[in-house]
Each structure stands twice: as C-alpha cells, then as structure tokens.
Number of protein chains: 4
Amino acid sequence: MSESAKEPRWERRKQDRPQELLAAGLALFVERGYAATRLEDVAARAGVSKGTLYLYFENKESLFKSVVRANMLPLVDEAEDMVERHTGHSADLLRELILSWWGAVEHSGLVGISKLMMAEAGNFPELAQFYQAEVISRCDAVMVRMLERGAARGEFRSVDAEQMKKVIVAPILMLMLWSQSFGPCSIPPLDPQAYLASLIDLCLHGLLKPEHKPAQQQPD
Amino acid sequence: MSESAKEPRWERRKQDRPQELLAAGLALFVERGYAATRLEDVAARAGVSKGTLYLYFENKESLFKSVVRANMLPLVDEAEDMVERHTGHSADLLRELILSWWGAVEHSGLVGISKLMMAEAGNFPELAQFYQAEVISRCDAVMVRMLERGAARGEFRSVDAEQMKKVIVAPILMLMLWSQSFGPCSIPPLDPQAYLASLIDLCLHGLLKPEHKPAQQQPD
Amino acid sequence: MSESAKEPRWERRKQDRPQELLAAGLALFVERGYAATRLEDVAARAGVSKGTLYLYFENKESLFKSVVRANMLPLVDEAEDMVERHTGHSADLLRELILSWWGAVEHSGLVGISKLMMAEAGNFPELAQFYQAEVISRCDAVMVRMLERGAARGEFRSVDAEQMKKVIVAPILMLMLWSQSFGPCSIPPLDPQAYLASLIDLCLHGLLKPEHKPAQQQPD
Amino acid sequence: MSESAKEPRWERRKQDRPQELLAAGLALFVERGYAATRLEDVAARAGVSKGTLYLYFENKESLFKSVVRANMLPLVDEAEDMVERHTGHSADLLRELILSWWGAVEHSGLVGISKLMMAEAGNFPELAQFYQAEVISRCDAVMVRMLERGAARGEFRSVDAEQMKKVIVAPILMLMLWSQSFGPCSIPPLDPQAYLASLIDLCLHGLLKPEHKPAQQQPD
DNA sequence: TATGAATGAGGCTTCATTCAT
DNA sequence: CATGAATGAAGCCTCATTCAT
C-alpha cells in the first residue's frame, strides 16, 4: 500500500508527510490510547521509518497534540458556519446541526477523537485546556446560539440554555464514544440513524412550544 | 481514611487487603488510565509493598478487571430494585432513577469508572464484553422497563424505547465523564444539579402526554 | 569474580551495591569517557543488571557525578592532613607530598579521574564547578601552604606562590594523564619513579636557598 | 572570519571546504569531545549540509583523525626549526621555546587539541600511536636537544634529560588543558603570562649552573 | 503473609550514514 | 558538487514481574 515500486520512497512529497503521520497517529491513538500506541507503528502505518517521524514532530507528546489540534478545528469551524447562515425554523437548524455533525464525524475517522480526549485529558492538562477552550466551548456556544435563536423567534420554550446545551450535546458525544468502544461488541448493534432520530424526537417534543409541535411525531 | 486508629493496623489488615488494593487501583486507573498507572503506586496507596499486590492479583490486567467487576455490579443491583418497587407516577420514577444513580455514583468514587471502560475497552475486548453484558445491558433494561411502564400506564408517549433509553442514559454518562476529565478545567464549573434538572426537564416535556404535562415547567 | 554460586545474588549486601557500582563506573568512565560508557557495561562489571543501577542512581549523569565526588574527596583530605602535621624541613614535605599523592592515586584506580574531569568539564559545567571548588582549589591551597611554609622558615626562595603551585602540580597531573592515555603506547614506557625524581630535583634546585642546596645533586 | 566580502561565496568555496570543515571540527571536538559532537553541527558551522561532509571525509572517525593530523604537524615543524637555528645562551632558548610555543598555540585555536587527544586516546588507539609518534616524540626530542645543548655548552647542570624534558613540558600542556576545561570557572582566572614566567623561573633556577644563575630573578 | 532487591523486555529518542535528485 | 529526507542501529530508561528471605 505504501510502497510503490516505481517512485523512490523519499521522492514522495515531503509536504504530505506530516499529513500522513497525523492520519496514522489519529487512527492508532484512537484505537489503542496514548500509552499503548508505539511510535514505530505510527511510522509504519504512514509508510516511513521510526526516525522519519522525528523530522516532523519533536516527540510522542508533540505528535499527539498535533493530531488533536489538526483534526478538530476544521469541524468546529463548519458547525459555527451552519448556525450563522441558517434562515429557517429552529427545529430544522437543530436537526441539521445534529445530523450533519454526525455525518462529518462519521466519515472522517474523527469519531474516536472525543474518546481520546476524555481518556487522556488527565495526562495532558495543557492539551485538555486547549481542547476545552478551542473545541468544547465553541461547540457549546453553537448550541447555545441555536437554543436562544429558537426562544427569540418564539419557536422554543425558554429553558436554561447553559445546561440544556450540554444535555443535548451529550447523546451525540456518547454516540461517538460508543461507536468506538462498545459498539463492536454490543448486541443488537448500534443504529446511529435510529438513535439520532430518537434524540431529535425527544428534543423537539421537549423544546418546541405547543403550537409548533408536530401533531403526531413518529421516529424516522 | 484507610488508617483507623482504634484497631491495631496489622490485626485488621489481612481480610481488608484486597478491598484496599481495589480501591487504590480504582482511584489511580481512573485518574491516569490503565497504562500510565504504575503498580508500585497502587501498592503504595494501599499501604503495602509492590510484592504484596501479587499475593492477591495475578498481574496488572487481573487487578484491572477485578477493579471494574467489583465496583460496578452493586450499583446495577440497586437500580434494578428501584424500578421493580416503584408504585407512583412514571415521571417520578424517571426523576428518581436519574437523581439516585448520580447520587450513588457521585459519593462512591465510581464516577470515573465509565471513563475508564470507554478508554480501555479497545485494549481489553474480553473485559469490554463482560461490561457490556453485565453492566450496560442491565442498565439499559432498567431504562427500557421504565419507559414501557410509562407508556403502558398511559403516562408517556409511545416512543422507540430501544433508542430512547440510550438517549436518556447518555447525558448521565457524559456527566460522569466530564466530571472526571474536563470538569477541572471548565469555566464556569460544572453544576451537576442544574444539569440533571435540565435533563429531567427535557425528558418530561419530551415524553409526557399533553394531559400530564406540567403547565409551565421552570428549570429547577 | 562477582558471581559466587553459593550465595543468592540479591542477598549480597545491599549496602555494598553503591560502592561496587561507583567502582565499576570509575573504571569505565576513565577508560572510555563519559559518552562512550554504556550503563549496561557498568552494571555488568558490578555484577548486576541494567535495572539495578537505577535503584541507586537516578540516571547516567547522576552516577557520573557520584563517581567523581566519592573518589576525590578522601584524597584531598589526606593531603591536607599531611601539610598540617609536618614538622621537618620543607624540602622533605615537598618530596613527601609529591610521592605520597602519587602513591595514593596510583594504587586506587584514581589515576584516571583527572583525565576524566579534564575531558568532561565542558559537558558538565556544574560538575566542573564542584571539582574546581572542592578538589582543585583545596589541592592548590595545600601547595601554597607548603611553599609559604618553606619561605617563612627561610628554606625556600621567595616566589610567586600563586603561580608556582600550579607549575609544580602540573607535572603530577600530567603523569596521571599520561599513564592513562599515552602511557600504554609510549616507547620507552613511562617510568613514574624516575619522572617524579626529576620533578623533585628540579623543584629543589629551583626553590632551595643556596645554603640549603645539595652540593652536587645527582638524579636518583 | 570565513566570509570575505569581495569574492562571491560560491566561487571561493570549493577548495576551501575541507579547511572550513577541519576548523569547524576542531572547534566542536575540542569543546564537546568526540562522542558529544554531532556531525550535523560541524557541517552547520562550516556552512554546508550534512551530506557534503561525506564528500570530503569518509566518516566521523576519519574527520576526527584529519582534524588532529592537520593541526598539529605545522606547530611541531616550527618548534624544531627554532632549536636548530638558535645560537645564543641556552637559557634564552628555553625561554623562547616555551613562550613562542604558547604564543603559537594560543592564537591558533589549537589550545584544545591536547585535551582532545588526552580524552580520546583510549578510544582511538591507532590515532594515539600516530600522535605519540608524530607529535609527542618530536616535541620531546626538541626539549631533549635543548637540555643537552645547555649541558654541552656548560650552561645547564647535567640532568636526566629523558625525564626532565617531560617535567618541563608538563606545565605547558597543563596550561593548555586548564585554559580549555577549568579556566572558565576558576577564580582567580588563569594568567598565562605570570604562570609561564614562574615556570621559566623555576626551570632556570633549577637548571642553570651557579655561575650563570641570575643573582636575583624576579618574575616577569 | 509480606517484603523489596533484582531483573530484563520493550519503548522513546538520537544521530551517523546513505542516496536520489 | 551539494542537498536534505530517510534510515535503523544503539543507548537510556521504565516498570511489570519474580523470588529469596
């Protein structure tokens, strides 16, 4: 896979190396955790040798932090855009935020990064602060804005947005965690779509004012 | 805490050793993760030497599994009892399940165990299966029974209980995780009571049939 | 040498381990220099395994510093005593200082330690300062006292003691260095006794006042 | 120093490369010792890349040997000339040999090369032999000739020249070593001129026959 | 039962050396 | 000639595990 005979190995684009290493690191850190991930395996998965890794990252910790930083920020940007630009009913915004976040995360290998941060926050306080400041608080803000927008437009009940945002985000994060940890061994297997439909169902029934509430909402 | 002055320490020890080691292990595994926890530290925290630990547990993995097993099962038993015995309105049962689970978990040092399992499930598939079978599925069943009871008594809407149980459990689990990982560095600090009140608020508004719904529910 | 079959290996006196490791370290550091010395070899020479070394010394640098400190201080003490207690002619003191220092150094494996410090001073500034303060300056003081005693008693010419002490110490140090570095491959081989006799000869002819000077000194 | 403004730098380079690398190597080997010197740093100091170094030297050891060889031989030639051509009193020859050797060494960056050889002789036996044969023995011979000349002309006492030459050379070598290793952290700082004056003072008082001896020699 | 000295496999990291351009 | 990305052997250090007392 990583050895194409016709092009010499070091000719391959120097500028792509960091990307490849970050991708390999993401996959392995998520799968095994920080400590159980060997740099030699990360390098091998990126198709280079152990030493090469040190041309791009100072050490294991530095690689780890880069993996987290590089992967999360784009996602958050996207979510912020979405709220900013939405024009329709807040119920649709809520639905879209939830479904598109999951869609983005599911297809990018980032499902595991929350688990990673949960597990390792204690060992990397500095990284935890970065994550809290740059990722969590921005995601929270997105949800708060969505809830307040709904209330301002008379579509949602007025609730304690500060807490409610966390209550709504929690099931999404748990879906990410489950799909990484117990998903593989749970019976029946996780069905993300049905799960998210139930979440949206609960949220809308729980938040919409009576006059906006769907007469008889059925899941999916 | 582990030194009770009135009884001489070597007379009391023998039968307590495993408990003390399990407690020390729980604390450290939760704080640092499996790999970053050194058996020497576990032994020291339990007030014994490194070698002693091997008189009670075969090796590190065995200690880890015992920590998980020993701590979770009692909690689940309690939750099962609660549903069985409840006689009143299902809204009260939901409220009680949520609040008493958190109460039990918060005061027993078990807050971290979910994080632990999430993080290490990948490295211990066998333990993950045990956890899934003995803990998760039983907790799930408790929630399902609560939802079905509500529907059967005409108090709750009819929903996809299989999914909804997970949606409701998720925020509780996340509260446990947050309080272990990002709690310490989040501003403003987590307020578990307000958070759970919002969760209950959302659930009841989202589940109760119109005629049972509180006219104007305010958070807390 | 270090493996006696009848007594189990770890029974051997815990309190002797540091000594054995320091001795092994001295030998190898002197022979190969700091960087070229492998801790595994030091451990092996002391009859223990790699890991054991870390029970007694924090790391390589710490071992190195301990080797230097532990070996030099006793020697300096001895030299200081000698000047303090001497009662006879200063020429005899000079002779005795030189010969007994070399005797002590030659039979204790410490011949190499000066070379070691010379070579590594640049890499361990902190250790160099210690050495300068605790060893060199005290040795210097011994020589200065000897020269001033001679002058005070009218036995030696009056000279610039501050510089002359270094001039006299230099050949002794060089003997230590030579015997470690080029001694093995020099032809004809070094003859320490004849060399020191020449040094004493030069010093006495160069320092004694005419009336004390040996009429016709012949080397040895 | 290595950047001459008037000629374009890539036109001048080719033939100067080896010299620049040898100079860079000398500086770093002396400062850090053989093992602690990284070829990348040598190359960088010479203003070339790591690979270039291998166009001129087979490997690290080869560079090291070349550094030693290239730097020492010219100095020895000069010293030999000096004895050959001297016509005056042997006391003046002794003084001139000592002072001019130090002068040459002090201003050429070669002060450290003795330390280098001392420290690494054990690791490079072959180089040590070269150094012994090509440098040390020739320097020794120069001193022996000086002493024998003095004796033959009736100016010096008759001494064991074979040993005495080493005794006289030792303080000069130590001055080189000190100025490299402990010089920086010694208080008061080394004063080479005063030190050498004391050496000459001692030698002349110790070697000159009574009739040639200066009535009252004062340092400097 | 309890100790803690000892072990050694295994991971992170460095750096001399190579080689395609 | 020159470059610098890539390699991999080798060393420091950690820590789970053993075992004689």
Side-chain angles (χ1 to χ4, degrees), chain A residues 7-15 17 35-43 46-63, chain B residues 10 13-15 17 35-44 47-63, chain C residues 7-15 17 35-44 46-63, chain D residues 10 13-15 17 34-44 47-63:
Chain A
E7 40 180 6
R9 59 188 173 302
W10 64 265
E11 187 186 3
R12 276 180 314 145
R13 317 105 318 180
K14 168 192 170 182
Q15 66 274 23
R17 278 286 143 72
T37 295
R38 296 174 15 190
L39 288 192
E40 192 159 10
D41 291 342
V42 174
V48 299
S49 79
K50 220 175 358 173
T52 301
L53 202 152
Y54 285 86
L55 297 177
Y56 300 96
F57 301 94
E58 206 175 346
N59 51 30
K60 190 179 186 179
E61 184 172 340
S62 158
L63 170 66
Chain B
W10 23 263
R13 278 287 158 75
K14 318 226 156 159
Q15 65 276 21
R17 277 285 148 72
T37 295
R38 302 176 346 162
L39 288 193
E40 190 159 11
D41 292 342
V42 174
V48 299
S49 78
K50 218 174 3 171
T52 302
L53 200 152
Y54 282 84
L55 297 175
Y56 298 97
F57 301 95
E58 204 178 346
N59 52 29
K60 190 179 186 180
E61 186 172 340
S62 157
L63 170 66
Chain C
E7 40 182 4
R9 57 188 172 303
W10 63 264
E11 187 186 3
R12 278 181 312 144
R13 318 104 318 179
K14 169 193 170 183
Q15 66 273 26
R17 276 287 142 71
T37 294
R38 296 174 13 189
L39 287 193
E40 192 159 9
D41 291 343
V42 175
V48 300
S49 79
K50 217 177 2 174
T52 301
L53 202 153
Y54 286 86
L55 298 177
Y56 299 96
F57 301 95
E58 208 175 344
N59 52 31
K60 191 181 186 178
E61 185 173 338
S62 158
L63 171 67
Chain D
W10 22 263
R13 276 291 156 75
K14 316 224 160 164
Q15 65 277 20
R17 278 286 148 75
Y34 178 79
T37 295
R38 301 176 350 163
L39 288 193
E40 190 158 12
D41 292 342
V42 174
V48 300
S49 78
K50 219 174 1 169
T52 302
L53 200 152
Y54 282 84
L55 297 175
Y56 297 97
F57 301 94
E58 202 177 349
N59 52 29
K60 191 180 186 179
E61 187 173 339
S62 156
L63 170 66

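Proteins get letters first, then strands, A, B, ... in listed order; numbering begins at 1 in each. Model, not experiment: these values are computed from the prediction.
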Nucleotide E:dC12, atom C1' - distance to CG of A:Leu53 in whole Å: 11 Å

Spacing of A:Leu55 atom CG relative to F:dG4 atom P, expressed in whole Å: 13 Å

Listed once per pair and sorted, the salt bridge (charged side-chain N to carboxylate O under 4.0 Å, His left out) pairs that draw on residues 47-60 of chain C, sequence neighbours left out: none

Side-chain heavy atoms of B:Leu63 within contact of B:Leu39, under 4.5 Å: yes

Heavy-atom pair of closest approach, residues A:Ala35 and B:Ala35: CB-CB, 3.2 Å

DNA chain E base-pair string [pairs: Watson-Crick or G-U under 3.5 Å; |: paired with another strand]: .||||||||||||||||||||

Residues which pass side-chain hydrogen bond (donor to acceptor under 3.5 Å, both in side chains) with A:Ser62, listed by chain and number, not counting sequence neighbours: none

Phosphate-side-chain proximity, B:Tyr56 and E:dT1, N/O vs OP1/OP2 below 4.0 Å: no

Protein-nucleotide distance (B:Phe57, atom CZ; F:dT17, atom P), rounded to Å: 14 Å

From F:dT7, F:dA2, E:dT7, nucleotide with atom closest to A:Thr52 side chain: F:dT7

Heavy-atom protein contacts under 4.0 Å, nucleotides 11-16 of chain F, coded B base, S sugar-phosphate only, - none: SSBBSS

With D:Tyr34 via ring-ring contact (aromatic ring centres under 6.0 Å, His included) - residues at least two apart: D:Phe29, D:Phe64, D:Phe124

side-chain hydrogen bond (donor to acceptor under 3.5 Å, both in side chains) partners of D:Asp41, counting only residues at least two apart: D:Arg32, D:Arg38

